[in-house]
Amino acid sequence: MSNNEVKLHSIKRNDTILKVVIYIVCIIFSIMTLFPFVILIANSYKTSIEVQESTLSLISKHPIQNLKFNWHVISSKGTFKPMVGFRNSFIVATLSTILNVYFSSLTAYAITAYEWKLREAFNAMIMAVMMIPGTVTMIGFFQFAYKIGLVNKLSALILPSIAAPMTVFFMRQYLQASLSMEIVQSARIDGAGEFRIFNQIVVPLMKPAIATQAIFAYVGSWNNLFSPMILLTDGNKKTLPVMVSLLNGDIYKTEYGAIYLGLLITVLPLIVVYAFLSRYIVEGVALGGVKS
Amino acid sequence: MKKVIASVLSVAMVAAFATACNGGGETQASGSATGDTQATQGSDGSETEATTTAKQVKTYGTGSEKINLWSFTAEIPNMVNYYVKQNPDFASKYTVECTIIATNGGAYQTALDQALSAGGDTAPDMYAAEAAFIIKYSQGDMAKYAATYKELGIDVDAKIKDAQIAGYTIEAGSRDGEVVALGYQATGSAMIYRADLAKDVFGTDDPAKIEEIFGANSGSWDKFWAAAAKLKEKNISVVSGSGDMWNVNEKAAQTGWIVNNQLNIDPKRAEFLDIAKKLKDDGLSNDASGWSEAWFADMAGTGAKPVFCFFGPAWLINYTMNEHCGGAKLGEGTFGQWRVCTPPVGFFWGGTWVLGRKDSAKKEGVAKLIEWITLDTSEKGLQYLWANGLVDWDEDPATAVAKDTVASAAVMSKSDGKVDFCGGQDIFPIFIKGNQYASAKAMTQYDEGINGYFTDAATQYAEGNLDKDAAIDAFKTKVNDNLSF
Amino acid sequence: MRNKKLVDYAKYGYIFSIPFILAFCIFTLYPVVYTFIIGFTNLKGAGNTEFQFLPAVGKNLFQNFMDVLKAKTFKQAFGTTCIIWIMNFIPQIGFALLFTAWFTDRRSKVKGTGLFKILFYMPNIITAATMAILFQKLFGYPIGAVNQLLGHLQPGRQPYNYLINNVPIKLIIAFVQFFQWYGHTMVNLTAGVIGISPEIFEAAEIDGANRVQTFFRITIPCIRQIMLFVLVTSLIGGLNMFDIPELLVGSKQGNGAAITTNMYIRNLAFDGSYLYNRAAAASVILFLVIVALSAVLFFVMRDKDEAKIKKLKKAELRAARKGL
């Protein structure tokens, strides 16, 4: 009896120690995480000179005035149109994310739930495509895009996301662990079509997986810089990061304060989207999938 | 908790974009914009294209003939804007559509190469190239797309003579003796030194005497080292870092990195290994690399030790030193303490060239623009306006207009080059000489890459990580592995 | 009976794969085939698109491949890539697992886990370029935050140039890489854990398993599939590493201490000589290496798993049939 009490007591003490350790580690990591954002914000209210002379300092002589000036630089250049850039970025990132996660789920479902002749071969092909290094193939893609006139078409950045091998891989792994064919079978008995089963039963099952992959796809698409720089040459088609790249201004005069403000403007919407999607990772949306 | 964060962020974002709308002068409200995008969301991608057919951001003129101008900053587009406003005839005949792509990660060159080789209506009729890659477009792989100025219909030989265009800009912009590219700004360089320190150490701050002490245009660093030793006695570094001297030595070479398809190390460039080592071992510099926080501190005189001089063109004075000297009038920071004189070895640093495309259908219009930018010596010509700081190209009162050096010596000699930052010294005579002494003979399309490998070898040698032979070997291996020479 | 049933549905496997295959054929197939082909040609020079196969110009068909494999820089780059990847991956997976264990633990009621989970992914939102500048300034020389801090702690200390020396360069890159990606890995793993049915954990609790036991005996085996994903994609990402080393140090600093395989490929293609053919050959070699290493991972992670899944499937089918 008393032995048990000691045991319980020591478990409780261990619990407290563990909690303290967890908090300390988490707080250290949180500070580390916030550091880049703090610097981003701090530099957006500095002059170009202040940024160059001490990027990591949080102090500026005239923060409000500088912020106004940096905003003036951004808005007066004519190449940085926040609304146009936001719109383009939003269209590209949102549509490519939707296509990415939806069709990847569909493809993964096709590989996991059905047994068809070329299944293994198709799966192997997807894995292989995922492993192709992109540097040189990009040259081929740009060449192709310029030849067939895909330049200045947002769709050139959106439609390729239908074939996203890495997402398919994740979805497949996820389905293999979480999909219960029992549910599918019972839906079939209820007379549901295969496409409807996928949309109404499988997709809801995959919510956590879809949310995580959507976050990655969104962030990747939003921050993508090099391809849009090459493919979107028209000032009205440029995305936010491309517009920020144009704040370099005159050849020898770079407005660093304005660039940081531009970067901050670029990252804010992303944080909002992330905060929205992360709901699904954080709360662990209750799963209907019975798998025991 | 996270809901609070999420909502705070949402509010912040909406606020940011609401201000964005007002500030940017956009008539669209943020609400309706979101509505738009949501409307397109449901449909396929093609509809997205149809909704954004507004004019290019920087489009000048109203004429029916379209000229595509490609550039990597807004500088040339802004000039064209000015020209179009001044020349209604041109504006009614042509429309100039400007495409600007930043040089980040080589994006400008990648896109330009694709656009030039794809050809057709959307290909650039006129395009800009920076010193770092001009050779590729004037003499190298992409030279075949460039029209000679004669093909454009410019009487280039006579005009060059009249304008006394800096020789090195012609060298860099010529293909088989025919001019295909010229610049507006000239970047022949000077030794920019601190007058107060000069007086202290050498008893004089007179540019004529100082350049004598440092061996102006002697092509040798011997006198420079003697002076550096004297400066060291007073705990003054002669330069901020070895990179400052590399800029000089690189251009001082008489032969390029690649000669007859073989790697060639010009003696002037090889000498840099010893220069870097000497600076490090003798403690003659502050060991700062270009564009670092330490480099800027040295301009303000707040680095580890005071720094005596920088090597550079007028833009370094106007846009970099002026901003980082720690003040805006005499007595603040190092403002007004700087003077310019001829450096021991002539060189240039940076610059932009303008080219026309061979197969362009708008050669006449392109020629007009190019001639005005690169060869017009009149007081309405770009170079005169540029040298005297007469036009605010940006149309932005917040940006200061600086007096910059230009390619035409004829223009410079009738312009006023007195600059407060240099204590009222007229800097143009020194820079005219700087333009003369500079050479572009040793440039190749491979320079950017090879320079990087070489300066790293010098750093490794100076730091003592590698001995001299090992450093040279490592350099040769890298050039062979990466560039196949 | 069973086979017949599956055949009925097999066509849906094809139908559901059509969008992927179409998009792949339109946008990716041409560049991939093009890359593969030019590895065997003499294509080089900016803007050049005309090429001949090497035997046509009197060279060995595999000349580009041999040139790449002979290059000292390629070997160095491959070694560097592996070293940096391992240095970043071990702490990355370690911390990701640790945080996953902490944040998905149903028993310890650590408050604010939601907030931490959200925060830890955030370094991944910042672009590599911004991150690189930050760390350049942090380790600036002779003036920089770290040098100044150490100078305060130890007066008279000479500033140290971190970003031109081999070991610190690799450590810093590995750290930044870790910093940017541990949250990403954690999110993946968490998604896997969330996918596990809560009943399994409840059962474990009832059986008296403690937390550590639950994590290692229940959680980890249940997220094996996701673990495999994390391992394989980290391997691919690691061997393709480019952004951080390129933007933070570049291939021309520290005697090539930061040069990764992908940076070398980029140099071949864009560093002045525009050796597209050799860059393509190097890409194919890198691809083969990735395939080989991934195959090993699949093999190691697979056999037991596959058997289990097959058994489960059979059981399910049996159950389903019973239901019929």
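Proteins get letters first, then strands, A, B, ... in listed order; numbering begins at 1 in each. Only heavy atoms go into these numbers, but all of them, side chains included; no hydrogens, no water, no symmetry mates.
- The backbone N or O of B:Ser292 lies less than 3.5 Å from no partner atom in the side chain of C:Tyr141, so there is not a single donor-acceptor pair.
- Across all non-hydrogen atoms, the minimal contact from C:Ile143 to B:Ala294 is CD1-CA, 3.6 Å.
- Inspection of non-hydrogen atoms places B:Asp141, B:Met142, B:Tyr145 of residues 137-147 of chain B under 4.5 Å from chain C.
- B:Glu463 CD: more than 12 foreign heavy atoms inside a 6.0 Å radius.
- The minimum heavy-atom distance linking B:Gln445 with C:Gly272 is given by the pair NE2-O, 2.8 Å.
- For C:Tyr30, the side-chain contact (heavy atoms from CB on, under 4.5 Å) partners two or more places apart in sequence, or in a different chain, are A:Gln143, A:Phe144, C:Tyr34.
- Contacts of B:Asp447 with chain C are absent, with no heavy-atom separation under 4.5 Å from either backbone or side chain.
- Take C:Asp271 and apply the salt bridge (Lys or Arg N to Asp or Glu O under 4.0 Å) test, not counting sequence neighbours, and it matches C:Lys252.
- Between the side chain of B:Asn482 and the backbone N or O of C:Asn267, no donor-acceptor pair lies under 3.5 Å.
- Here B:Asp287 is the residue among B:Leu466, B:Asp287, B:Asp113 with the most heavy-atom pairs under 4.5 Å with chain C.
- A distance of 10.5 Å separates CD in C:Gln136 from CD in B:Glu293, rounded to the nearest 0.5 Å.
- The shortest side-chain heavy-atom distance between C:Phe270 and B:Glu448 does not fall under the 4.5 Å cut-off.
- Of the atoms belonging to B:Ser484, heavy atoms from both backbone and side chain fall under 4.5 Å from chain C.
- Once rounded to the nearest 0.5 Å, the distance linking CG of C:Asn161 with OG of B:Ser289 reads 7.0 Å.
- For a residue to count as touching a neighbouring chain, one of its non-hydrogen atoms must lie under 4.5 Å from one of that chain's; by this rule B:Leu483 touches chain C with backbone and side chain alike.
- Only the side chain of B:Lys136 comes within contact range of chain C, with heavy atoms under 4.5 Å apart.
- The OG1 atom of B:Thr455 sits 8.5 Å away from atom CD of C:Gln253, with the distance rounded to the nearest 0.5 Å.
- For the residue pair C:Asn255/B:Asn465, the side-chain donor-acceptor check at 3.5 Å is not satisfied.
- Within the structure, ring pair (Phe, Tyr, Trp, His ring centres under 6.0 Å) contacts touching residues 449-475 of chain B (residues at least two apart or in different chains) are B:Trp246-B:Phe454, B:Trp257-B:Phe454, B:Trp257-B:Phe475, B:Phe454-B:Phe475.
- Contacts of B:Ile258 with chain C are absent, with no heavy-atom separation under 4.5 Å from either backbone or side chain.
- No other option in C:Leu119, C:Asn165, C:Ile164 has as many heavy-atom pairs under 4.5 Å with chain B as C:Ile164.
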